Every structure is written in structure tokens, then in C-alpha cells.
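Taking it in order: structure first as C-alpha cells, then the write-up.
Just so you know, these numbers come straight off a predicted model, no measurement behind them. In what follows, every chain begins at residue 1, and chains take the letters A, B, ... in the order their sequences are listed.
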2 protein chains.
Amino acid sequence: MKTISRKQEIIATATRLFYEKGYTAVSMRDIATAMDIKAASLYNHIKSKQEILSEIILKVAEEFTVGMENVLAENSSAIKKVEKVIELHIDITVNHSEALAALNNDWMHLEEIDLRSFVKMREDYEENFRSIIKQGIEAGEIKPYHPEVILFSILSTLRTLYLWYQKRGKVDVNILKKDMVSVLIKGIV
Amino acid sequence: MKTISRKQEIIATATRLFYEKGYTAVSMRDIATAMDIKAASLYNHIKSKQEILSEIILKVAEEFTVGMENVLAENSSAIKKVEKVIELHIDITVNHSEALAALNNDWMHLEEIDLRSFVKMREDYEENFRSIIKQGIEAGEIKPYHPEVILFSILSTLRTLYLWYQKRGKVDVNILKKDMVSVLIKGIV
DNA sequence: GTCTATAGGATGATAGAC
DNA sequence: GTCTATCATCCTATAGAC
């Protein structure tokens, strides 16, 4: 078992503080104080505040991207793929619930290169999810509602799941998956 | 037709900027520049930055509170009440889409008195919605899924509707209501 | 790897002239 | 009602000692 590096410790502390107050409202002094060191010491491990944000957001964004690619690579029905996407969100929520606050609310404070990279990943993700739903409708597996409404309705629930997951005190993952799949899917099949 | 006061102009400008970058990332200078005046001039109309935030958030929060009271006062089925709640969210989204960003993401920066007042309203609102759903389940109108999952799933979609509404370019309200009600309700009845 | 000291600039807010 | 000038404080980040 490797002990986590000082850099990872900084990122973990920042992730929690960003979750509580948002990126802009948290100062380098806040992060340092929470670690019982001085703000200047942080710069021995990271090069800027934006780098911290970038590491938090892009790491999780890449997990979504890889997860979606795996779902697309499957040889299964559209409805089964939607189920897999729901499970992907739940797994990431369980493992990185606090990081999702930054990803949802503070992505616009990324520096330009990272911002472009993030927006691209998010757009691709939505587009992939959209085509799964459209294929499901064409195949007659999913009811012919406006695909955009279905996409938005499922995605907005999954994207804010981290807020609820924190509040409820870490429900059992498998029960969560079963119930979420029921509620989100039963309405559209 | 009364022309809007300078104070309302400040609030409208701040609402837009808070929507784009978040409360903490927007300075009084930013607000003033957007109005083509100097930051010091703002203080002739408002007493602090937090007062602006408070006016934005509490005004909309009160609309939700009043709207929910009207729904509860109705003599109708639980499922009809859920429909009315969905329509309430859509109406508020259409009329105050930018203010909903502050309400969703910046409420924690309210000063203490307003913070308490806001949290109370939000908790009461959720509790009222929860009991409508529970009554619907007891009456056999709503499927007996975990009420918390139903509550969260509907509420998180409605709460982030403002993001989607902005992006889609102002869909027709009545079409939006019909589609949202279908997608959100059909899964649980 | 952490510290003190500090640069250089932004921030919310006030005082007082016009 | 807006301005200029300014205060006191906070901010990110760097330099250099230990």
C-alpha cells in the first residue's frame, strides 16, 4: 500500500473544500490551513490553483469518456446500454462524489486549453448518449418521446446524484443501481 | 409602464453575470463595468454585494414556496399535484432562468439570516413534495418505488432545467410542459 | 518540504466633491 | 446619482533561508 503523495493530499483537500464552497470562494490559504501548513508550501507540489482544478475535473471527465467508450463497444440493446450508462454514473458518483461538484459547477474556471478539452469531452459524451437513445427509439425499445427530453431528464438526474448521495449517507451501491434503473428506465420503455 | 429602478437594473445585471461565472467570481467592478458606471456608484442603490445575492435568491425561493402552497391547497389527486409542481418549475424557469443558477449554486454565500431562511424554505419545499409522492403511493396512484428515489429523480431534473432551457433557445412553454410531464410521470404511474 | 517575507494586483466598501 | 481617491484586506505566486 503506497502512501499518497503530498500532491494527491493537496488535491484531496481542495476537492473537499471546492465541494463545500466552490472553486473561486476557496483560497490557497484555505487549502493550506486545512492541511496545517502555509500557503507558500503548496507551490512546492503544484504550480498553480488552476492546476489543482484541472487535475480534479479532467481525471473524472476522462473516466466518463472511457466508461462511455466501453458502453458503446458492447454488443447489446440500446436499453441495456442506457442501463450501463446509469451504472457508470453511479460508480463514479460513489468513488468521486466531491469531485463532481467542481466538474458540474467550476469547469468554466479551467484555463483555456483544459477548458477546450473538457467541453469537447462533455459534448462528445452527450452526443454518444443521444445516439444510444435515438437508436433505442428506432429499434422500438424506447418510447418515441422527444429524444432531447429523455436525454436531459436522465442526464440531469445522474449529474446531480452526487448531491443526494452525500446527503443520504452512502446508500448501498447495488440497491441504488437497481432503484435508479427502475425509476429512470421504466418511464421510457 | 414603470421604468425599472436603478436597483433592479443592478440586480438584473448581476443575475446575468452570476449565471455566467458564479457569485464569487464576479466583482462589484464587473457589475459596474457592465452597466457603464463605476463600482462606487453601485453603493448608492444597494448596501452590499451580499444584498444583491439575497434579493436574487430569496425572491425566487419565495415564488417556489407560494407555488407549492397553492398546489397543496388544491383538492385533487396526488398525480395531478405532481403535474402542478412540474408546471410550477417550468413557469419559474421560463421567467427567471438566470436567477436559478445563483439559487442552485451560490446559496451558501448568503449571509447568515438569509441563509437560514433559504434553507428552511428549501427543506419545507422538499418535505411537501415528498408527502405528495407518499400520498400518491398510498393511494395506489404512484408505483411503490422508494419515494426518495422518485423525489430526487424528478426534483433534480426540474432544478437543472434552467441550464437546458437556456441552451435549447427557449422552447415553447406548453410543449415543454407536455413533454416533461410525460417523461417524468409516465415512469412512475 | 516548509518556512518568512513580500511583490503586485484585485477586492468590497467608504468619504466627500460635483 | 455618479465620480475620484482611497482604505484595509485579501489574493496568487515567487524568492530565498533553513
*Among residues two or more places apart or on two chains, list those pairs meeting salt bridge (charged side-chain N to carboxylate O under 4.0 Å, His left out) that have a residue in residues 95-114 of chain B.*
B/E112-B/R116

*Using 4.0 Å as the upper bound for N to carboxylate O, is an ion pair formed by B/E123 and B/K120?*
no

*Can you tell me how far C1' of C/dT6 sits from CE of A/M28, to the nearest Å?*
17 Å

*Does a side-chain N-to-carboxylate-O contact under 4.0 Å join A/K177 and A/E83?*
no

*If only side-chain N and O atoms of B/R29 are considered, is one of them under 4.0 Å from the OP1 or OP2 phosphate oxygen of C/dA13?*
no

*By nearest nucleotide on DNA chain D, pick out whichever of A/Y23 and B/N44 is the more 5' one.*
B/N44

Side-chain donor-acceptor distances from residues 132-140 of chain A under 3.5 Å, at least two apart:
none

*asked:* Output the rounded distance in Å from CD1 (B/I10) to P (C/dG12).
replied: 14 Å

*Hey, is B/K7 close enough to B/E51 for a salt bridge, meaning N to O under 4.0 Å?*
yes

*May I have the distance from A/H45 (atom NE2) to D/dT12 (atom C1'), rounded to whole angstrom?*
17 Å

*Any side-chain N or O of B/Y43 under 4.0 Å from OP1/OP2 of C/dA13?*
yes

_Cation-pi check for B/Y43 against B/K49: NZ or CZ below 6.0 Å from the six-membered ring centre and within 45 degrees of the axis, yes or no?_
no

*Does any residue of residues 46-55 of chain B have a heavy atom under 4.0 Å from DNA chain C, and if so, which ones, in number order?*
B/S48, B/K49

Just the table, please: protein N/O against nucleotides 16-18 of chain C N/O, every pair under 3.5 Å.
none

*What's the shortest heavy-atom distance between A/A99 and A/V60, and which atoms?*
CB-CG2, 3.8 Å

*Mind telling me whether A/Y19 and A/Y162 have parallel, tilted or perpendicular rings, with 30° and 60° as the class edges?*
perpendicular

*Is it possible for you to check whether B/K186 lies under 6.0 Å from the centre of the six-membered ring of A/Y145, through NZ or CZ, and within 45° of that ring's axis?*
no

In residues 149-160 of chain A, what donor-acceptor pairs under 3.5 Å come from side-chain atoms, sequence neighbours left out?
from, atom 1, to, atom 2, distance (Å)
A/S156, OG, A/F152, O, 2.9
A/S156, OG, A/S153, O, 3.3
A/S156, OG, B/T157, OG1, 3.4
A/T157, OG1, A/S153, O, 3.0
A/T157, OG1, B/S153, O, 3.1
A/T157, OG1, B/S156, OG, 3.4
A/T157, OG1, B/T157, OG1, 3.1
A/R159, NH1, A/E126, OE2, 3.3
A/R159, NH2, A/E126, OE2, 3.0
A/T160, OG1, A/S156, O, 2.8

*Nucleic acid contacts - residues 30-42 of chain A versus DNA chain C, non-hydrogen atoms under 4.0 Å*: A/I37, A/K38, A/A40, A/S41

*Step through it carefully: locate the ring centre of B/H89, locate the ring centre of B/F64, and say whether they are under 6.0 Å apart.*
yes

